[in-house]
Amino acid sequence: MEKDEILSSLNYNKKQLSSFKKKLKALEEQLDSLQEFAIQCSSHIGSFESSMAKRKNKLNVFDGFLDKVKSAVRYKQKMSDMLSGSEYSATVACIDQLQNSVASEKSKTINDIRYIEQRISELESRVSNLQYQYDTYPEEVQPNGE
């Protein structure tokens with residue numbers, strides 16, 4: 001390869017390297033955001049589960065009234081359905097789906113980061129080799145005018 005071809009290839013690979021480093025930074029920021037979102041979701045899920053447990057415990061207070069007040073029986077039944085029935089199950093299913101989606105996206109982002117890191121490593125090696133070729137390229141000998 002001629003010296004100008006080496007320089008052209010060197011510049012091209014440096015641009016590629018810069019581009020991949022920008023992509024890596026964006027992916028790392030995306031992963032940080034996903035991890036923060038997962039932490040927030042876990043916190044909210046914990047709050048939801050705690051709230052549901054408190055409501056179920058409060059509902060047990062009605063056990064003493066069930067024999068005396070007919071409306072207490074209906075109220076407890078409706079609330080039990082809400083706290084443990086189809087609405088609760090649907091909510092838990094949505095939470096599970098959200099957690100699975102976040103985990104899947106995190107996994108995809110981690111794989112993308114690994115791929116970009118591999119490409120960066122390859123490009124850094126290529127740039128280093130091209131720089132060495134360029135720096136050690138023999139200078140042309142100018143013919144002596146004599």
Side-chain angles (χ1 to χ4, degrees), residues 1-64 66 72-146:
M1 230 188 320
E2 296 295 320
K3 191 170 185 175
D4 58 339
E5 292 173 320
I6 294 170
L7 183 59
S8 176
S9 183
L10 179 61
N11 289 332
Y12 173 78
N13 282 283
K14 283 182 177 180
K15 286 178 186 175
Q16 290 285 85
L17 183 58
S18 176
S19 174
F20 275 107
K21 285 183 177 181
K22 287 177 186 174
K23 287 178 186 177
L24 178 62
K25 184 175 179 213
L27 286 169
E28 288 171 339
E29 289 172 359
Q30 179 180 345
L31 182 59
D32 288 343
S33 294
L34 285 167
Q35 289 172 331
E36 180 61 33
F37 182 70
I39 290 168
Q40 289 175 359
C41 283
S42 293
S43 174
H44 290 299
I45 290 166
S47 296
F48 170 74
E49 290 171 349
S50 175
S51 176
M52 294 302 284
K54 286 178 186 176
R55 288 179 178 183
K56 286 176 184 178
N57 287 336
K58 285 181 182 179
L59 193 57
N60 289 333
V61 170
F62 281 91
D63 289 342
L66 294 179
V73 173
R74 286 192 303 264
Y75 177 79
K76 182 172 182 183
Q77 185 179 9
K78 293 286 185 183
M79 287 301 291
S80 292
D81 287 345
M82 187 178 84
L83 295 173
S84 303
S86 62
E87 289 181 40
Y88 176 77
S89 296
T91 301
V92 170
C94 286
I95 290 170
D96 289 342
Q97 183 179 6
L98 174 65
Q99 287 179 315
N100 290 337
S101 294
V102 170
S104 175
E105 192 62 30
K106 281 174 55 177
S107 179
K108 180 188 173 302
T109 302
I110 289 169
N111 288 337
D112 290 347
I113 286 172
R114 288 182 181 147
Y115 171 77
I116 296 294
E117 287 174 337
Q118 174 87 25
R119 293 290 292 137
I120 286 173
S121 177
E122 292 168 1
L123 283 167
E124 285 175 337
S125 178
R126 189 174 304 143
V127 165
S128 177
N129 287 337
L130 286 167
Q131 188 66 54
Y132 176 78
Q133 288 177 21
Y134 183 78
D135 292 343
T136 60
Y137 196 85
E139 294 297 323
E140 293 183 30
V141 177
Q142 298 295 328
N144 196 349
E146 295 179 358

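Scope of the values below: all heavy atoms of this structure, side chains included, with no hydrogens, waters or symmetry mates.
- Rounding to the nearest 0.5 Å gives a distance of 13.0 Å between OG of Ser101 and NZ of Lys106.
- The shortest distance between side-chain heavy atoms of Lys3 and Leu7 does not fall below 4.5 Å.
- Other residues, nucleotides and ligands contribute at most 12 non-hydrogen atoms within 6.0 Å of the NZ atom of Lys25.
- Closest approach of Asn13 and Leu123 over heavy atoms only: OD1-CD2, 3.3 Å.
- How far CD1 of Ile116 is from CD of Gln118: 11.0 Å, rounded to the nearest 0.5 Å.
- The CD atom of Gln131 sits 5.0 Å away from the CG atom of Leu10 when rounded to the nearest 0.5 Å.
- Leu130 has its side chain within reach of Met1: a pair of non-hydrogen atoms, C-beta onward, lies under 4.5 Å apart.
- Gln99 is not listed as a side-chain neighbour of Cys41, based on a closest heavy-atom distance of 4.5 Å or more.
- At least one side-chain heavy atom of Glu124 sits less than 4.5 Å from a side-chain heavy atom of Lys21.
- By the 4.5 Å heavy-atom criterion applied to side chains, Gln30 and Leu27 are counted as neighbours.
- Not one N or O on the side chain of Ser51 forms a donor-acceptor pair closer than 3.5 Å with the backbone of Ser47.
- One finds the OH atom of Tyr88 at 5.0 Å from the NZ atom of Lys56 (value rounded to the nearest 0.5 Å).
- Contact record, Ser89 with Ser84: OG-O, 4.3 Å, taken as the closest heavy-atom pair.
- Side-chain contact between Met52 and Phe48 is present, with at least one heavy-atom pair separated by less than 4.5 Å.
- For the atom pair Glu105 CD and Leu31 CG, the distance stands at 10.0 Å (nearest 0.5 Å).
- For the atom pair CD1 of Ile120 and OG of Ser19, the computed distance is 9.5 Å after rounding to the nearest 0.5 Å.
- With Ser104 contributing its side chain and Asn100 its backbone, the two residues share no donor-acceptor pair below 3.5 Å.
- Cation-pi geometry between Lys23 and Phe20 is satisfied (NZ or CZ under 6.0 Å from the ring centre, within 45° of the ring normal).
- In this structure, Gln40 places its CD atom where more than 12 heavy-atom neighbours from other residues, nucleotides or ligands lie under 6.0 Å away.
- Under the 4.5 Å side-chain criterion, counting only non-hydrogen atoms from C-beta, Arg119 is in contact with Glu122.
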